[in-house]
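Notes follow once the structure below has been shown.
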Amino acid sequence: MDVSHILDDMNDPQREAVSAPAGSMLVLAGAGSGKTRVLVHRIAWLIQVMGAPSWGILAVTFTNKAAREMKGRIESLLGQPVGGMWVGTFHGIAHRLLRAHWQEAGLPREFQILDSDDQFRLIKRICREMNLDEAQWPPRQAQWFINTQKDEGRRPEHLDEGGDPFSKQMGAVYREYQSVCNRGGLVDFAELLLRSHELLRDRPDILHHYRERFQHILVDEFQDTNSIQYAWLRLLAGKHDNLFVVGDDDQSIYGWRGAKVENIRDFQKDYPDTRLLRLEQNYRSTGHILKAANAVIANNPSRLGKNLWTEGAEGEPVNLYAAFNEVDEARFVIERIRRFVEEGHRRSETAILYRSNAQSRLFEESLFQAQIPYRVYGGLRFFERAEIKDALAYLRLIANPEDDASFERAVNMPPRGIGARTLEGVRAHARDFGCSLWKGAHDLVKGGALPKRASGALSGFLDLMEQMSSGAADLALDELVSQVIAVTGLSEHFRKSRDGRGLDRVENLEELVNATRQFSFDAPLETGVETEDLPGADTFQIGETAENPLSSFLSHAALEAGESQGDAFEDCVQLMTLHSAKGLEFPLVFLTGLEEGLFPHSMSSEDPVRLEEERRLCYVGMTRAMQQLYICYAESRRLHGREHYALPSRFLREIPSEFVREVRGRPKVTRPVYSPAATRSTEQASGYRLGQRVLHPKFGEGVVLSAEGQGGSARVHVNFEAVGAKWLMLAYANLEPI
Ligand code: ATP
Ligand code: MG
């Protein structure tokens, strides 16, 4: 058999990993060394050379996007579709297991997924009902506590009774929250993993079935697995010793969410026969970019240590741009992108990366103004927008009236005269009788104890829901969604809203109808026709019809996390946080906002452990770049409504100067230099004369040194008496000639 296409273009250690005999394997290697590529080729090898059936393979990736790409690449290597293979994220795969075995997992058939925003609202409500003072017991902290417990595999009953007052109180919130979730068939993200772990642990027949089925389990980005994910993997792998994991301790960036880089070390202990392979050759980045990134990460004391090198060209140095402020930063980035595209490159070859989601808005506005198509990954994802969640709440309530979180959201949105007192009554009733809000509302209306107006408003809502639910089964999904948007009054509400975003919101709702139309009911769950003879399969039912299109769409909305937002085929500039950039690569990368307080984040800069994680994040960002890397920082930045003056990030100092080129050196000129030609062009561009004295509201008096750009992007270089020379955007600087 000719297998050269699987081993071609591989170096020796890569080839060794791809073609290794069965057994567990850990590939520990730096960024861009081909880990993901090795994983893909390994799967092709398993199928083509070792004769593994594709349904016997389980591959875990970090995002849904990566899963789709992986499947595509394997199919193109093999030249045929790979039906039956499970490729997905931990959450996606756990969800799939729970849908297939909802009964055994103790869930209602139509269980709904709570995303983190839904979860937060529910916890907040519970804290309020428990009369907890928000200042002393912030709901965010309770959410964090609950998720941490679940990530560690702990149920409320596992909590230490004799704990400190904080843990005791949080434990009580956890207990109450979980009972509300159980009653309403609500499953949060951490619950997906925990419950599917318990399912496998407590049902030997089901575990046996999947162990027999998944002869090969492969995991990308292993450094970011948390305790429950690792436990889940170990359970599923059993004694097979068939785990093939790839990772990089230097890219572990989810410690704040419970990921345990120690899993890499434990893996070698837990599977003593593991083969450890290191890849040290980087194929992604130019020499300068790689050396700069290596120099930064070298400042982290606790590393497993490795040395990455490239045979590729040195390339140009890392470009450093000192922007005057965030507007100037955006202007600069967009001008460079424009130039890059004019040189014949595709827009999708460029990525703008930032530490915090809030930074994306200005880039979005500037790109929009410049009419450059862009796509934001992560951030405020489509399915997380308020108006979309409002519409989804109705859909979820139709799918499952016991869903309290959705009841809370939908009941008075748009406002329909159901007052806070009435709702309080509904909640109290539900609490007293241990029933859902939906049932509680029915009881109250029937009981006749409510004032007439309140009762009318509440029963209006219940009737509306019943009317929509009864017709739901006869409608196609998109028809149902358009009906919901119209009949509930949501569309009308936003159309009339005066917050300036009303039409946007209406458009988004229309987009939701489109999304449901396009949503092709996910391939039915793999029932494993090929596996039905496996032992254990006759003791339980695989619920292949457990999901109807509505439920299936709602799960998709919660899990998809906006990764496919926008038109996937349009040539767009890519915008994303550093966290979302993991595993990706782009010829041109802009790493923006490298300022103390922003990156490293102020919450992390004092804590050595978190600072190391920030540094790894910086390493991840830098190593996304293939050909060109621009790093930008701003002297001042308006963020969250306030102006900040920050020092350049310490990470910049960690890059040796030989690998860096300042795009424009920091101004050293203290005296204006006169030249008639320069004077003319400066005047034309800015309307200011070279050498002219000006007054700035903050920096005081200064002298114009030079100018560049025109119109909205015109900038002047002014030497201020008090603060030295600065570049200012004319449109924002409020300069006055004096
Ligand atoms: P990260 O740590 O960022 O996830 P990685 O180790 O997974 O990186 P890949 O994304 O698999 O690295 O590979 C980086 C780039 O190098 C890709 O473009 C890949 O196609 C290319 N590459 C990897 N190995 C080789 C090789 N032997 N020959 C040519 N190109 C290679
Ligand atoms: Mg990778």
Side-chain angles (χ1 to χ4, degrees), residues 4-19 25-45 59-74 76-77 87 89 218-225 244-254 259 261 264 276-287 289-290 293-294 296-297 303-304 306-313 315 348-349 351 353 574 576 578-589 591 616-627 629:
S4 55
H5 58 292
I6 302 181
L7 296 180
D8 273 354
D9 296 330
M10 291 259 143
N11 61 33
D12 287 344
Q14 287 178 334
R15 210 169 277 156
E16 195 182 331
V18 169
S19 61
M25 161 88 79
L26 167 64
V27 179
L28 187 60
S33 58
K35 294 183 297 297
T36 304
R37 186 174 151 119
V38 160
L39 201 106
V40 166
H41 284 237
R42 171 71 176 172
I43 294 174
W45 180 269
V60 187
T61 60
F62 211 74
T63 60
N64 295 315
K65 181 170 181 285
R68 276 190 294 273
E69 278 176 20
M70 185 169 284
K71 213 162 180 171
R73 282 164 69 185
I74 296 165
S76 79
L77 267 178
V87 194
T89 60
L218 302 98
V219 188
D220 198 2
E221 310 275 5
F222 181 68
Q223 75 280 358
D224 279 323
T225 48
F244 186 103
V245 307
V246 309
D248 177 6
D249 58 306
D250 286 335
Q251 294 186 70
S252 153
I253 53 176
Y254 282 95
V261 70
I264 294 185
L276 171 68
L277 257 175
R278 291 178 187 273
L279 310 174
E280 305 211 306
Q281 184 170 358
N282 172 294
Y283 289 91
R284 178 181 293 149
S285 309
T286 61
I289 294 173
L290 191 61
N294 282 344
V296 170
I297 198 67
R303 303 175 62 208
L304 297 178
K306 57 180 99 65
N307 177 33
L308 265 187
W309 54 274
T310 174
E311 264 179 3
S348 56
E349 290 176 25
L353 308 181
Q574 317 280 302
M576 65 196 83
L578 286 154
H579 280 99
S580 326
K582 202 165 76 148
L584 307 179
E585 60 188 19
F586 308 91
L588 172 60
V589 168
L591 206 58
R616 291 194 291 268
L617 197 53
C618 182
Y619 174 74
V620 167
M622 293 174 78
T623 52
R624 299 310 97 199
M626 301 164 81
Q627 311 290 329
L629 172 62

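Quick note: residue numbers are just sequence positions, from 1. First listed ligand is number 1; within each ligand, the first listed atom is number 1.
Neither side chain, E16 nor Q14, offers a donor N or O lying under 3.5 Å from an acceptor on the other.
At least one heavy atom of D9 sits under 4.0 Å from some atom of ligand 1. Within the 4.0 Å heavy-atom shell around ligand 1 one does not find D248.
Interface atoms of ligand 1 facing Q251, defined by a heavy-atom separation under 4.0 Å, are 1 (P), 2 (O), 3 (O). Interface of R624 with ligand 1, defined as ligand atoms under 4.0 Å from a residue heavy atom, comprises 3 (O). In the vicinity of G34, heavy-atom distances shorter than 4.0 Å reach the ligand 1 atoms 5 (P), 6 (O), 9 (P), 11 (O), 12 (O), 13 (O), 23 (C).
In this structure, the separation between CD on E69 and OG1 on T63 is 7.5 Å, given to the nearest 0.5 Å. Taking OG of S4 as the start and CE of M10 as the end, the distance is 12.5 Å to the nearest 0.5 Å. The CG atom of L584 sits 5.5 Å away from the CE atom of M576 when rounded to the nearest 0.5 Å. Rounding to the nearest 0.5 angstrom, the gap separating the CD1 atom in I297 from the OG1 atom in T623 is 9.0 Å. To the nearest 0.5 Å, the span separating OG1 on T36 from CD on E221 amounts to 6.0 Å. Taking CG from L28 and CG from D249, the interatomic distance works out to 5.5 Å, rounded to the nearest 0.5 Å.
Inclusion of R37 in the set of residues having an N or O under 3.5 Å from an N or O of ligand 1 is warranted. Residue G583 has no nitrogen or oxygen atom sitting less than 3.5 Å from a nitrogen or oxygen atom of ligand 1, judged on distance alone.
When heavy-atom distances to ligand 1 are checked against a 4.0 Å cut-off, Q281 has no atom that comes that close, whether in backbone or side chain. Only backbone heavy atoms of N11 (N, CA, C or O) come within less than 4.0 Å of ligand 1; its side chain stays farther off. Heavy atoms from both the backbone and the side chain of K35 come within less than 4.0 Å of ligand 1. Here K582 has no heavy atoms under 4.0 Å from ligand 1, in either its backbone or its side chain.
Heavy-atom proximity to atom 24 (N) of ligand 1, evaluated over Q14, R73, E221, is greatest for Q14. The closest heavy-atom contact to atom 18 (O) of ligand 1, among the options E311, E585, M626, R284, comes from E585.
From the protein, the heavy atom lying nearest to atom 21 (C) of ligand 1 is Y283 CB, 3.7 Å.
Counting heavy atoms from C-beta outward, M626 and F586 have side chains that stay 4.5 Å or more apart.
If you run side-chain contact (heavy atoms from CB on, under 4.5 Å) between L308 and each of N282, L279, D250, D248, only N282 comes through.
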